Enquirer: 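Sending over a structure as structure tokens; questions will come in a sec.
If you're wondering where the values come from, they're calculated on a predicted model, not measured in any experiment. Counting starts at 1 for both ligands and their atoms, following the listed order.
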Amino acid sequence: MIQRSIPLGLTYDDVLLVPKKTPVASRQDVSVVTSLSRHLRLNIPIVSANQDTVTESMMAIAMAREGGFGIIHRFMSIEQQVAEVTKVKRWSHVVVGDPYTLTTASTLRDFHRRREHYGITSFLVVDRAERLVGIVTARDVLFEDDLDTPVEKVMTPKSRIVTAAPTISLPEAKQLLHQRRIEKLPLVDRDGKPVGLITMQDILKREQYPNAVHDKNGRLLVGAAIGVKDDYVERAKALLAAGTDALVLDIAHGHSDSALRAIREIREKFGDVELIAGNVATAAGAADLIKAGVDAVKVGVGPGAACTTRVVTGAGVPQLTAIMDCASVATKHRVPLIADGGIQSSGDVTKALAAGASTVMCGNLFAGTDESPGSLVTRAGRKVKVFRGMASRGAAEQRVRREHRQLDDTTFNEMVPEGVEAVVPYRGSARDIIHQLVGGLRSGMSYCGSRTIDELHEQAEFIQITEAGWKESLPHDAEVTS
Ligand code: XMP
């Protein structure tokens, strides 16, 4: 069949949102609370991309603290990915339910090793019967050079530490920590075994980040990506055991038999786990993923800043049309959409949500921040960070090396990259970027007359513009100074 007519595909810069009469008096009256997936709610509609130059634990922590969501990429071993998820999960608690311990047989060498491994500075010490006998902190070992010294010798013994019953309420615990001028309150059961830990640091973190999103145990939310080949079932199992809140089954062409098979397998093996899948760019793609049982659909084929899929393969759908087409199906099933890729400004966030998405996923915008993996480099006097597509040659080579496969000429020549390696300007903290995006979004929603994202979905109206219209939208006829 030869196609006779060609539909028009539009993206963010092709349209503007028509201003409407608004009930919103202040940006603060706008709620940006949204759904990431069927069962997960976020306080802001921002998700950081599962790329190896964007999201590991530091980024995921920064996102969840602000009310968004980070998805740990999968281009590392299962153990490493689990360790990244664990770092997010242990960043804050209401009560640390399973505090790390050392035993009376442990030495300072063990203390240092575990301290480095888990990134924490104090451990409860237990005897052979797992009863609490003391606590050892970094301060206790400061001037101890002999690594064979037993921790028992330097710890603060139980007789000198304040403990509480597991039934203590948070306000009571806070008061006790304050009154006794202590940092940590171990919770001990009737047999003297430690069953929890409340720390001043966790209480302060909650006050410092009131918008943070938590699981039912008070730990930050985090997602993790899996593929559809090799170890993905084993990976999913380990990630779920570590407390991952959503699995993101992510491949470049998500509307494929292999993705659908993998979705069914994950559902079958892990029941009602929160499962996000993609990427697709059509209503048919979204419909098939939803039918296979996903809780959210990730939309975007080729809009990403480091993508060359459209140039290399000729395939893709401009992102605004892709979102609208997918939304025509997803809305009926109440399955949220994640608009993935191509977001360059807060205006694009408003447009993506207005088109029917519930969240946006950003790679490039967060790649240059303090929280992205990798260090700062100076290039031609400018501070930059490396950013790359996951289908770029560099990313593929690193994958081959990690899997201990031979990187010979044939492997090298057979690669057809669909992404680029680049640098992006240093952009400070992810928090600042989030504030700009969310501030602009709130304003944009107010222009649309919408107080909530649901209202935006109902009320938004686009107008298609010309190149001249877009040129007029940008600063012009003046030298921009800030
Ligand atoms: P932005 O524009 O925010 O987009 O950087 C992030 C999204 O880009 C996708 N991605 C790729 N797409 N080739 C592609 O065609 C690649 O190498 C590649 N790497 C990332 C991905 O969906 C990401 O979330």
Side-chain angles (χ1 to χ4, degrees), residues 11-13 36 45-56 59-60 63 68-75 223-227 246 248-256 259 276-281 285 289 296-320 322-323 326 337-349 351-352 357 359-369 372-373 385-399 415-425 427 430 433-434 436-437:
T11 194
Y12 301 127
D13 289 358
L36 172 75
I46 313 283
V47 180
S48 65
N50 44 294
Q51 286 176 261
D52 67 354
T53 47
V54 181
T55 310
E56 290 181 355
M59 182 65 73
M63 297 302 302
F69 197 73
I71 299 169
I72 310 278
H73 71 88
R74 65 184 163 91
F75 302 99
I226 56 170
V248 183
L249 193 142
D250 187 37
I251 60 170
H253 189 14
H255 195 192
S256 60
I276 298 169
N279 278 16
V280 297
L289 295 191
V297 174
K298 204 147 78 73
V299 181
V301 175
C307 306
T308 54
T309 294
R310 294 182 188 169
V311 181
V312 173
T313 69
V317 175
Q319 186 67 345
L320 194 84
I323 300 168
C326 291
L337 297 180
I338 302 171
D340 176 17
I343 298 289
Q344 296 180 50
S345 62
S346 50
D348 292 346
V349 178
K351 290 174 189 175
T359 55
V360 297
M361 175 178 272
C362 307
N364 176 286
L365 280 184
F366 292 119
T369 60
S372 68
K385 278 188 113 168
V386 171
F387 172 57
R388 66 183 182 190
M390 293 321 306
S392 64
R393 187 177 290 276
E397 278 175 20
Q398 193 174 325
R399 257 190 318 267
M415 280 179 191
V416 182
E418 289 182 27
V420 294
E421 289 175 85
V423 290
V424 288
R427 292 199 175 101
I433 307 275
I434 291 171
Q436 289 302 317
L437 291 179

Enquirer: Backbone, side chain, both or neither: what part of Asp340 comes under 4.0 angstrom of ligand 1, heavy atoms only?
Expert: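 It is the side chain that gets close, since no backbone atom is under 4.0 Å.
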Enquirer: Among all protein heavy atoms, pick the one closest to atom 3 (O) of ligand 1 and tell me residue, atom and distance.
Expert: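 Of every protein heavy atom, Gly363 N, 2.7 Å lies nearest to atom 3 (O) of ligand 1.
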Enquirer: Before signing off on this row, confirm whether Gly342 and ligand 1 have an N or O atom pair separated by under 3.5 Å.
Expert: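 By distance alone, the answer is yes.
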Enquirer: Decide whether an N or O pair under 3.5 Å exists between Gly302 and ligand 1.
Expert: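 N/O-N/O distance below 3.5 Å does not exist for this pair.
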Enquirer: Look at the rings of His253 and His255 and say which category their plane angle falls in: under 30° parallel, 30 to 60° tilted, over 60° perpendicular.
Expert: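 If you compare the ring of His253 with that of His255, the planes turn out perpendicular.
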Enquirer: Return yes when Gly300 approaches ligand 1 closer than 4.0 angstrom through a heavy atom, no otherwise.
Expert: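 Distance cut 4.0 Å: Gly300 fails for ligand 1.
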Enquirer: Looking at Pro45, is its backbone amide N or carbonyl O close enough to the side chain of Thr359 to form a donor-acceptor pair, meaning the two atoms are under 3.5 Å apart?
Expert: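 Between the backbone of Pro45 and the side chain of Thr359 there is no qualifying donor-acceptor contact (under 3.5 Å).
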Enquirer: Is Cys362 close enough to touch ligand 1? Criterion: a residue heavy atom under 4.0 Å from a ligand atom.
Expert: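 Heavy atoms of Cys362 do come under 4.0 Å of ligand 1.
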Enquirer: Nearest 0.5 Å, please: how far is CG in Asp13 from CG in Asp348?
Expert: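 Answer for the CG-CG pair, Asp348 versus Asp13, is 6.0 Å.
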Enquirer: Taking non-hydrogen atoms only, is Arg388 closer than 4.0 angstrom to ligand 1 via side chain, backbone, both or neither?
Expert: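 Under 4.0 Å from ligand 1, Arg388 contributes no heavy atoms.
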Enquirer: For atom 4 (O) of ligand 1, what is the closest protein heavy atom, and at what distance to 0.1 Å?
Expert: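 Answer for atom 4 (O) of ligand 1: Gly341 CA, 3.2 Å.
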Enquirer: What do we get for Asn279 next to ligand 1 when only non-hydrogen atoms under 4.0 Å count, side chain, backbone, both or neither?
Expert: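 For Asn279, the contact with ligand 1 is made by the side chain alone.
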Enquirer: Please report which non-hydrogen protein atom sits nearest to atom 17 (O) of ligand 1, along with the residue it belongs to and the distance in Å to one decimal place.
Expert: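 Its nearest protein heavy-atom neighbour is Ala391 N, 2.6 Å.
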Enquirer: For atom 15 (O) of ligand 1, grab the closest protein heavy atom and report residue, atom and distance to one decimal in Å.
Expert: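 Atom 15 (O) of ligand 1 sits closest to the protein heavy atom Thr309 OG1, 2.4 Å.
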Enquirer: Looking at ligand 1, would Phe387 count as a contact under a 4.0 Å heavy-atom criterion?
Expert: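 Contact present.
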Enquirer: Of the protein's non-hydrogen atoms, which lies at the shortest distance from atom 19 (N) of ligand 1, and what is that distance?
Expert: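 The closest one turns out to be Met390 N, 2.7 Å.
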Enquirer: Would you mind listing which atoms of ligand 1 come within a distance below 4.0 Å of any non-hydrogen atom of Glu418?
Expert: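 Under 4.0 Å from Glu418, ligand 1 has these atoms: 13 (N), 14 (C), 15 (O), 16 (C), 17 (O).
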Enquirer: I need the minimum non-hydrogen distance between Ser48 and Gly70, along with the two atoms involved.
Expert: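 That would be OG-CA, 3.3 Å.
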Enquirer: Any idea which of Gly304, Cys307, Ala225 brings a heavy atom closest to atom 11 (C) of ligand 1?
Expert: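 Comparing heavy atoms across Gly304, Cys307, Ala225, the nearest one to atom 11 (C) of ligand 1 lies in Cys307.
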Enquirer: Going by the atom numbers of ligand 1, which of them fall below 4.0 Å from some non-hydrogen atom of Ala305?
Expert: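 Per the distance check, 1 (P), 2 (O), 4 (O), 5 (O).
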Enquirer: Is Asn364 in polar range of ligand 1, meaning some N or O pair under 3.5 Å apart?
Expert: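 In this structure, Asn364 places an N or O atom under 3.5 Å from an N or O of ligand 1.
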Enquirer: For atom 6 (C) of ligand 1, which protein heavy atom lies nearest, and how many Å away is it?
Expert: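 The answer is Gln51 OE1, 3.4 Å.
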